Amino acid sequence: RKVVQTKLTPPAIEAVVGYNRGEPSLKLAAGEIKCPKRFQEFSSDYRDMVGRINENNVMDFAELKLLGLEHHYEIHTLLNAGLEKNSLKDSPADIYKVMKVDVNRRLASGVHGRMLTRAIRKIGKRDRDRVVVKATNATLSQLLKAEGFDVDAVSLDKMDIKDPNSDKDPLGSSALRRLFLKTDNDLDGEYLGEITKMLFEETEATTGSAVELRLSIYGRKKEEWGKLGKWAARNKVYSHINRWIIQIPRFYDHYKKSKDIASFQDMLDNIFMPLFEVSIDPSSDPDLHAFLLQTVAFDSVDDESKPEGPLQPIPPSGWTSDENPPYAYYSYYMHAHIAVLNSLRAKQGLNTFSFRPHCGESGDVNHLVCAFLHADGVIHGINLSSSPVLQYLFYLTQIGCSVSPLSNNCNGFLYEDNPFFSFFKRGLNVALATDAPLVYHRSQQPLLEEYCTAEQIWKLSMTDLGEVARNSVLLCGFEAAWKDKHLGATRNKLLFTSFDGMLLNVSPERLSFREEALQLEIEHLAQLSERHLFVRETGYESNYKPAKEDSADNDTPLASERRSTRMSVLTGLEQQLVERIEQEATAPAAGDAGTSLSKDEEVGEIAHELLELEKQWTRDELKDVREKLLAEISAKADEVGILQDRLDEELKTSRQAAEAAEALEKKLEQAKQELEELRRQKSKACVIL
């Protein structure tokens with residue numbers, strides 16, 4: 001096992017964490033790190049976007065674009081399926097060897113059933129007489145017996161595995177769950193550490209597999225982070241095929257009712273203040289510092305279908321009611337704290353964290369608006385199927401979605417109705433994940449089971465599976481060098497052809513198709529945006545491009561003559577004006593007003609003449625345009641007449657052919673009748689004979 005040994009411990013810096021109406025900030029010697037967006041700005045953007053995604057014209061536009069993308073994929077696969085298959089014959093990779101990352105797996109139910117039963121039998125026989133519950137001095141054998149278990153006959157049916165999302169314990173016993181699947185118990189999570197290392201050993205032995213396991217921080221107490229760091233260091237739960245994700249349950253209402261916290265700000269402080277402190281001074285908690293170096297993302301979890309109130313401009317310190325804040329409120333303040341924390345850690349030369357919440361599994365589709373504004377990726381996201389606008393936006397931005405169809409199938413969303421394949425065909429950045437192998441899977445390779453099930457249900461090709469695996473590597477939080485190794489050193493998020501298709505087991509034709517489709521969509525939107533701006537500024541809808549200036553090179557003889565006449569007239573008027581000005585300059589101050597025009601009258605007369613000339617020129621131009629249009633109409637009428645004559649001839653020919661066919665049909669019917677009469681006569685003759 002490759003235990004991560006880190007020497008990255010930067011020196012402490014001077015920094016003070018502050019809040020401005022709940023929005024975090026950091027005061028450093030070199031300046032101040034502020035929250036990237038104020039709550040009022042987010043609230044305005046959120047409400048504006050919620051309104052726009054429900055506009056009928058916008059929904060119709062997005063739906064048409066998505067259907068076009070899906071049909072484009074179907075045509076591509078129809079024409080290039082054989083070519084893609086042949087391209088992969090020279091690839092050294094296949095579905096077993098290509099790197100696949102399970103980007104959604106919680107540690108408490110992250111092992112498959114066979115591994116868990118094997119671990120419980122092993123631990124039960126080894127530590128039979130060990131005290132595991134200090135309050136009652138109960139040994140392991142006594143606890144198992146009290147729960148109705150026989151160490152030699154442990155099975156999944158006996159453990160009564162439950163859905164971890166339900167109110168019941170996944171092992172059917174809260175005592176066993178706390179002992180084997182929790183980090184905080186009387187044994188300091190020793191058994192969970194042992195089971196985790198068994199999982200690492202099995203995954204390392206499997207080619208082409210990596211995982212991102214999720215652990216929980218509840219925000220109930222500040223000591224949770226320190227205990228988690230010590231658990232990881234004590235049990236050495238580090239591996240080159242795993243990175244950690246921290247999930248934050250939205251349990252404010254539970255902790256408020258139990259009086260563990262007084263406001264939502266207390267919960268945020270319990271979650272993020274230890275992280276600010278250890279990032280400012282890593283030596284203050286070396287175990288937590290080492291654990292954070294292997295942590296890549298934060299997650300926000302809970303039942304999305306719970307009813308929630310409206311988004312209110314209340315600072316976290318002022319949220320003191322027993323009601324749980326809405327999803328958007330959680331999303332903003334988690335994103336704000338993570339953004340400031342990332343800026344601090346980047347200045348320290350440390351790794352940063354992404355925000356990948358559970359979103360769009362159930363409940364209000366507006367949760368996905370928060371994800372679009374804040375998240376680097378989402379877990380599940382199947383509710384995108386009910387919002388074509390958000391689905392199209394997720395495609396354009398390539399925000400990743402880790403979908404777990406087998407998990408959704410057990411939670412009321414039938415497998416055949418899962419939108420994963422529709423998302424994939426349209427080009428969304430979707431990956432497959434397991435969620436909870438202990439509950440939803442039965443094989444020793446649950447991620448491969450997920451891929452094989454999707455292959456059989458939706459008839460996926462090897463290129464399809466390779467593309468899904470590629471998406472999982474893009475979505476995960478592993479280091480850039482690790483991604484370069486498995487995607488190609490020239491990878492780029494929006495340039496598909498920069499990936500190494502042989503490493504991914506994806507045909508070059510598929511990568512080129514995806515890149516071309518995305519670039520065409522972006523270019524089309526850019527053209528529409530340019531047209532919209534032109535129409536908004538000028539009011540002209542017929543043509544958003546400014547008209548080109550007339551060129552003398554393209555003039556007709558009549559236009560050239562008119563241009564020459566205009567220039568001569570303008571030259572003459574200009575000469576008259578110059579002469580008048582010279583006369584005014586040399587004339588006496590008190591001239592004869594009755595015999596000479598004043599300067600103003602002269603200019604007015606010239607202006608009037610110019611105006612009359614402009615009107616005449618305009619009438620001439622309109623006359624030319626009218627004659628030109630009449631000529632074009634006449635030419636088009638001639639063409640239409642010719643086409644009409646051809647059509648009449650074809651109709652006449654068709655009519656004659658139809659009449660001939662009808663006559664032949666009558667003759668055929670008559671011949672059939674004559675044949676039938678001959679058969680009857682033949683029968684009579686046979687009877688007579």
Side-chain angles (χ1 to χ4, degrees), residues 1 3 105-203 213-218 220-221 223-239 242 244 249 254 258 260 287 291 436-439 442 444:
R1 187 179 303 105
V3 179
R105 186 189 292 195
R106 42 195 131 166
L107 178 60
S109 50
V111 297
H112 53 81
R114 183 175 181 182
M115 179 180 292
L116 181 61
T117 55
R118 187 169 70 243
I120 292 177
R121 285 196 296 267
K122 175 183 175 182
I123 294 171
K125 293 178 181 179
R126 184 190 66 200
D127 298 344
R128 185 184 300 270
D129 298 325
R130 183 179 183 181
V131 175
V132 294
V133 182
K134 295 181 180 179
T136 59
N137 286 326
T139 62
L140 180 56
S141 60
Q142 292 172 344
L143 179 62
L144 291 173
K145 185 176 180 180
E147 297 294 336
F149 281 88
D150 181 1
V151 175
D152 297 323
V154 176
S155 66
L156 291 178
D157 294 333
K158 184 65 176 177
M159 287 190 293
D160 192 21
I161 299 294
K162 300 290 193 310
D163 181 1
N165 290 324
S166 68
D167 295 332
K168 299 181 180 180
D169 293 298
L171 293 184
S173 166
S174 59
L176 292 180
R177 181 191 183 192
R178 182 175 179 82
L179 178 63
F180 288 103
L181 300 179
K182 288 287 187 180
T183 60
D184 186 11
N185 52 36
D186 290 338
L187 300 183
D188 296 325
E190 179 183 333
Y191 290 160
L192 179 60
E194 186 173 343
I195 293 172
T196 303
K197 286 187 283 188
M198 292 174 63
L199 173 62
F200 287 167
E201 290 173 354
E202 185 173 277
T203 307
L213 294 173
R214 299 203 317 270
L215 287 166
S216 295
I217 289 292
Y218 298 93
R220 199 169 189 171
K221 298 178 180 178
E223 293 77 16
E224 294 175 13
W225 278 109
K227 291 180 179 180
L228 185 60
K230 288 180 173 56
W231 171 81
R234 182 169 50 251
N235 293 282
K236 298 182 176 62
V237 285
Y238 296 112
S239 172
N242 174 68
W244 296 105
H254 298 289
S258 63
D260 289 306
D287 293 337
F291 178 78
L438 180 61
V439 181
R442 293 295 174 263
Q444 295 185 13

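Only heavy atoms go into these numbers, but all of them, side chains included; no hydrogens, no water, no symmetry mates. Keep in mind the model is a prediction, meaning the values are calculated, not measured.
The side-chain contact (heavy atoms from CB on, under 4.5 Å) test applied to Asp184 returns Lys227, not counting sequence neighbours. The side-chain contact (heavy atoms from CB on, under 4.5 Å) check on Lys122 picks up Arg126, Glu194, with sequence neighbours excluded. Annotation: side chain to side chain donor-acceptor pair (under 3.5 Å) contacts of Lys182 (sequence neighbours excluded): Tyr218. With sequence neighbours excluded, no residue satisfies side chain to side chain donor-acceptor pair (under 3.5 Å) with Asp188. The side-chain contact (heavy atoms from CB on, under 4.5 Å) search around Thr117 returns Arg121, Val154, Leu156, Met159, not counting sequence neighbours. Scored by the side chain to side chain donor-acceptor pair (under 3.5 Å) test, Ser141 finds Thr139 as partners (sequence neighbours excluded). For Arg220, the salt bridge (Lys or Arg N to Asp or Glu O under 4.0 Å) partners two or more places apart in sequence, or in a different chain, are Asp260. Evaluation of the side-chain contact (heavy atoms from CB on, under 4.5 Å) rule for Glu202 yields His112, Met115, Arg118, Gln444 as partners, not counting sequence neighbours. Listed by chain and number, the residues in a side chain to side chain donor-acceptor pair (under 3.5 Å) with Ser216 are Gln247 (sequence neighbours excluded). Lys221 pairs by the salt bridge (Lys or Arg N to Asp or Glu O under 4.0 Å) definition with nothing, not counting sequence neighbours. A search for salt bridge (Lys or Arg N to Asp or Glu O under 4.0 Å) contacts involving Asp127 returns Arg130, not counting sequence neighbours. Applying the salt bridge (Lys or Arg N to Asp or Glu O under 4.0 Å) rule to Glu224 yields no partners; only residues at least two apart in sequence or on another chain are considered.
Once rounded to the nearest 0.5 Å, the distance linking CD of Glu201 with CE of Met198 reads 7.5 Å. Of the inter-residue distances, the one linking Leu140 atom CG with Lys125 atom NZ reads 13.0 Å to the nearest 0.5 angstrom. Leu187 contributes atom CG, which lies 11.5 Å from atom CG of Leu192 (distance to the nearest 0.5 angstrom). Atom CZ of residue Phe180 and atom CD of residue Glu190 lie 11.0 Å apart, to the nearest 0.5 angstrom. Ser109 OG to Arg177 CZ: the interatomic distance, rounded to the nearest 0.5 Å, is 8.5 Å.
Trp231 contributes no side-chain N or O that, together with a main-chain N or O of Thr183, makes up a donor-acceptor pair within less than 3.5 Å.
Nearest heavy-atom pair, Asp186 versus Ala135, reported as atom, atom and distance to 0.1 Å: OD2-N, 4.4 Å. Annotation for Arg105 and Gly110: closest pair NH1-O, 3.0 Å, computed over non-hydrogen atoms. Closest non-hydrogen pair, Ala233 versus Tyr238, comes out as N-OH, 4.5 Å. Residues Ala108 and Leu438 come closest through the heavy atom pair O-CD2, 4.3 Å. Pairing each heavy atom of Gly189 with each of Asn235, the nearest pair is O-ND2, 4.1 Å.
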Requested in this report: List the steps and the verdict of side chain to side chain contact (heavy atoms under 4.5 Å, CB included) for Phe291 and Leu215.
Outcome: CA-CA 12 Å; Phe291 178 78; Leu215 287 166; 4.0 Å; yes
Requested in this report: Would you check, one step at a time, whether the test side chain to side chain contact (heavy atoms under 4.5 Å, CB included) holds for Leu143 with Leu179?
Outcome: CA-CA 10 Å; Leu143 179 62; Leu179 178 63; 3.7 Å; yes
Requested in this report: Any chance you could lay out the side chain to side chain contact (heavy atoms under 4.5 Å, CB included) test for Trp244 and Leu213, step after step, and finish with the verdict?
Outcome: CA-CA 5 Å; Trp244 296 105; Leu213 294 173; 3.6 Å; yes
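Side-chain contact check for Thr196 versus Phe200: some heavy-atom pair is nearer than 4.5 Å. With contacts defined as side-chain heavy-atom distances shorter than 4.5 Å, the pair Leu176/Leu144 qualifies.
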